[in-house]
Amino acid sequence: MTGRPETRERLLLMHDWIDIAAVEDCPPGTSIERVAGDRMVAVANVAGEFHVIDGLCPHQGGPLGTGTLCGTVLTCPWHGWQFDVTTGKHRYSATVRQQQYEVRRESGRLLVRLPATEAGGRQA
Ligand code: FES
């Protein structure tokens, strides 16, 4: 025994979708901050299409979801780092990239799926 969830539990976690918001919580051209599992995520609505990236800015941990969305570019409210929400890439640095998460709509809700290791807690 390793203390980690057994295979069946891990497989179930892999397929879990986490309800994070109502669709109307994030109108087109805006972004919001939400918690999904043990993560803070930034949800962005680009012309009706939703994108979800890691919500902690890699600069100093700023809350990306509370930043400003202009087109596909989300600007961190603390010091202005910018990310393309469709790719997770920093606008000017090729080496900085936010993790992206799958998102879908269901019955007026937004659901996000985290990788199995994050849905059940981070691996050591
Ligand atoms: S914490 Fe985001 S730009 Fe500094």
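This chain uses plain numbering: 1 for the first residue, then up along the sequence. Whatever order the structure lists ligands and atoms in, that order sets their numbers, starting from 1.
Applying the side chain to side chain donor-acceptor pair (under 3.5 Å) test to Thr95 and every residue at least two apart in sequence or in another chain returns Ser93. Evaluation of the side chain to side chain donor-acceptor pair (under 3.5 Å) rule for Glu102 yields Arg113 as partners, not counting sequence neighbours.
To the nearest 10 degrees, the angle centred on atom 2 (Fe) of ligand 1 between SG in Cys57 and SG in Cys76 reads 110°.
For atom 4 (Fe) of ligand 1, the N/O/S atoms of His59 include one lying under 2.8 Å. Not a single N/O/S atom of His79, whether from backbone or side chain, sits less than 2.8 Å from atom 2 (Fe) of ligand 1.
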> Yes or no on side-chain contact (heavy atoms from CB on, under 4.5 Å) for Val103 and Val43, after CA distance, side-chain angles and deciding distance?
Replying inline: CA-CA 9 Å; Val103 61; Val43 182; 5.6 Å; no
> Could you walk me through whether Trp78 and His59 pass the side-chain contact (heavy atoms from CB on, under 4.5 Å) check?
Replying inline: CA-CA 9 Å; Trp78 284 8; His59 180 219; over 6 Å; no
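Taking every heavy atom of Gly62 and a limit of under 4.0 angstrom, the matching atoms of ligand 1 come to 1 (S). Within ligand 1, the atoms closer than 4.0 Å to a non-hydrogen atom of Gly80 are 3 (S), numbered from 1 in the order shown. Short contacts between ligand 1 and Gln60, defined as distances under 4.0 Å to a heavy atom of the residue, involve ligand atoms 1 (S). Close contacts of ligand 1 with Trp78, meaning ligand atoms under 4.0 Å from a residue heavy atom, involve 1 (S).
One distance of note links CG of Leu74 with OG1 of Thr68; it measures 8.0 Å at 0.5 Å rounding.
Taking the six-membered ring where tryptophan is involved, the planes of His90 and Tyr92 are perpendicular, since the angle between them exceeds 60° and thus also 30°.
With a heavy-atom cut-off of 4.0 Å, Trp81 touches ligand 1 through backbone and side chain alike.
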